[in-house]
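Worksheet: the structure to be examined is printed underneath.
Below, each value reflects all heavy atoms present in this structure, side chains not excepted, and no hydrogens, waters or symmetry copies.
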Amino acid sequence: MSADEFIVTPWHVEGDIDYDKLIEKFGTQKISPELLEKIKTMTSEDHFMLRRGIFFSHREMNRILEDYEKGKEFFLYTGRGPSGHTHIGHLVPWVFAKWLQEKFDVNLYFQLTDDEKFFSKSNLTLEETNKFAYENALDFIALGFNPEKTKIIINTKNIQTLYPIAAQVAKKINFSNTKATFGFTNETNIGMIFYTSLQSAPCFIEDKPVLIPLGVDQDPHFRLTRDIAQKIGKHKPALIHNIMIPALTGPGGKMSASEEKGTIYTTDSPDVVKKKINKYAFSGGQPDIEQHRKLGGNPDIDVSYQYLRIFFEPDDSKLKKIYEDYKSGKLLSGELKAILIEKINEFLKTHQEKREKAKQQIEQFLLENK
RNA sequence: GGGUUCGUAGCCUAGCCUGGUAGGGCGAUGGUCUCCAAAACCAUCGAUCGUCGGUUCAAAUCCGAUCGGGCCCA
């Protein structure tokens with residue numbers, strides 16, 4: 001694969017992603033300075049993930065906001081494919097969803113697609129993906145959602161609720177559409193072929209427009225959903241996309257839950273975090289101290305810096321200082337890593353406490369079939 | 001239901017026709033080098049060849065059955 005090639009699909013992300021090209025390829029909108037300003041005004045907050053372009057693209061987010069201003073409420077929907085333990089990269093859209101929920105005071109649905117991971121991963125049983133669904137739910141709850149306004153959908157558990165909606169969707173999507181959208185072939189199992197209609201279903205669970213914060217790799221599902229929404233008399237879902245979180249071991253893919261070493265799990269202990277960062281985090285430093293002092297490091301490709309930018313250092317002035325110190329050579333890679341390690345461990349300490357408590361709260365969050 | 005094809009270490013795969021206890025690539029691990037990581041170099045671990053049975057002095061390699069995957073047809 002040459003440097004300018006990359007692949008982004010719901011099941012596979014590879015290469016060095018050019019996000020401007022991706023916007024063009026997917027036909028989404030870049031988040032404009034105007035939209036950014038509008039969000040800022042309406043929420044009275046300048047969220048760092050927006051400001052820094054962690055969320056960089058959208059589909060009709062502006063419509064959602066305009067309608068909201070006119071008193072037309074929306075709801076939020078995001079989710080996760082439970083193929084393994086939760087890692088810190090998963091938290092990005094969830095944290096952002098929580099922020100949106102607080103700012104707009106709206107309902108949020110969180111879908112755990114245990115069936116889909118069973119279909120798409122040959123090495124996982126349905127029991128395993130279901131187990132991961134419940135486990136991942138703990139991490140979601142730990143972020144502090146309000147159970148009154150937040151419901152967790154587990155596909156195999158909530159099929160009764162989802163199915164009538166999915167059926168409406170499924171009838172409007174033909175084989176050519178799914179094949180073209182997802183690259184299905186004759187060896188694709190039929191679970192996969194039907195599956196996108198289940199991922200669509202929560203879009204229509206309330207009779208209101210929906211806004212979906214999500215990783216841009218999941219966009220294809222909702223491209224289809226948007227195409228058929230009017231045909232079934234529903235609102236087109238709006239989306240806001242975040243970039244792929246780089247793996248610890250470097251650019252060229254997102255953090256994968258199935259690759260141990262390139263991944264910081266939410267349940268990792270402080271010493272494991274320290275070891276993983278020091279031992280695996282790809283750095284933008286120079287080969288030795290002398291050159292580093294002289295030439296400086298490259299924060300743009302340095303994974304530790306990127307993690308601070310994406311999630312762990314919301315304070316712009318602090319981040320800027322780190323950026324400049326690293327670039328000038330004043331800050332060494334090892335020192336940068338130490339900063340990140342402390343930030344992650346600080347975060348995980350409280351996260352893990354809340355995650356424990358979530359075990360008592362999970363029932364309140366699970367959607368009841370009606 | 002019929003046909004066909006495949007099943008070798010975590011992954012990809014050579015060997016099978018011309019039977020004599022398996023070779024490579026990626027990965028992983030350790031080391032050297034680095035403030036770390038990467039790269040580079042060195043080293044190491046790892047499969048008894050889907051399963052069961054048969055033929056043979058000897059089978060991944062031949063035969064049969066069985067399980068599993070893929071494709072085609074019905």
Expressed as a whole number of Å, how far does the [atom1] atom of [N] sit from that of [M]?
{"N": "B:G46", "M": "B:G24", "atom1": "P", "value": "14 Å"}
{"N": "B:U55", "M": "B:C63", "atom1": "P", "value": "15 Å"}
{"N": "B:U61", "M": "B:U8", "atom1": "C1'", "value": "12 Å"}
{"N": "B:C57", "M": "B:C62", "atom1": "C1'", "value": "16 Å"}
{"N": "B:C6", "M": "B:A14", "atom1": "C1'", "value": "16 Å"}
{"N": "B:G50", "M": "B:G68", "atom1": "C1'", "value": "7 Å"}
{"N": "B:U13", "M": "B:A22", "atom1": "C1'", "value": "12 Å"}
{"N": "B:U18", "M": "B:C11", "atom1": "C1'", "value": "31 Å"}

Are A:R59 and A:F222 in a cation-pi setup, meaning NZ or CZ lies under 6.0 angstrom from the ring centre and within 45 degrees of the ring axis?
->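 No cation-pi geometry.
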Measure [atom1]/[X] against [atom2]/[N] and give the value in whole Å, please.
{"X": "A:Q306", "N": "B:A37", "atom1": "CD", "atom2": "C1'", "answer": "15 Å"}
{"X": "A:R293", "N": "B:C36", "atom1": "CZ", "atom2": "P", "answer": "13 Å"}
{"X": "A:K276", "N": "B:A28", "atom1": "NZ", "atom2": "P", "answer": "14 Å"}
{"X": "A:L331", "N": "B:C36", "atom1": "CG", "atom2": "P", "answer": "15 Å"}
{"X": "A:N123", "N": "B:G50", "atom1": "CG", "atom2": "P", "answer": "20 Å"}
{"X": "A:N189", "N": "B:G70", "atom1": "CG", "atom2": "P", "answer": "8 Å"}
{"X": "A:Q291", "N": "B:C35", "atom1": "CD", "atom2": "C1'", "answer": "13 Å"}
{"X": "A:F119", "N": "B:G69", "atom1": "CZ", "atom2": "P", "answer": "15 Å"}

So does A:K131 pair up with A:D114, basic N to acidic O under 4.0 Å?
->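 Salt bridge flag = no for A:D114 with A:K131.
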Apart from A:L332 itself, what residues make up its hydrophobic cluster when side-chain heavy atoms of I, L, V, M, F, W and Y under 4.5 Å apart count as a link, directly or indirectly?
->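 Taking Ile, Leu, Val, Met, Phe, Trp and Tyr as members, A:L332 shares its hydrophobic cluster with A:I289.
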Pair assignment for [N], Watson-Crick or G-U wobble, requiring both distances under 3.5 Å:
{"N": "B:C41", "answer": "B:G31"}
{"N": "B:G1", "answer": "B:C73"}
{"N": "B:C11", "answer": "B:G25"}
{"N": "B:C62", "answer": "B:G54"}

Can you tell me which nucleotide in [options] comes closest to the side chain of [X]?
{"X": "A:F282", "options": "B:A37, B:C35, B:G30", "value": "B:A37"}
{"X": "A:Y280", "options": "B:U29, B:A37, B:C35", "value": "B:U29"}
{"X": "A:E187", "options": "B:A38, B:G70, B:C35", "value": "B:G70"}

Can you check whether A:F140 and A:F365 have ring centres sitting under 6.0 Å from each other?
->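 No.
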Taking C-beta and beyond as the side chain, do A:I264 and A:I277 meet within less than 4.5 Å on heavy atoms?
->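 Yes, side chains in contact.
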5′-ward residue of the pair A:T185/A:G284 relative to RNA chain B =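 That would be A:G284.
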Take A:K275 and A:E335, find for each the nucleotide of RNA chain B with the closest heavy atom, and name the residue whose nucleotide sits nearer the 5' end.
->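 It is A:K275 whose nearest nucleotide is closer to the 5' end.
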Residues two or more places apart in sequence or in another chain: which of them pass side-chain contact (heavy atoms from CB on, under 4.5 Å) with A:T185?
->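 A:T185 satisfies side-chain contact (heavy atoms from CB on, under 4.5 Å) with A:E187, A:T188 once adjacent residues are dropped.
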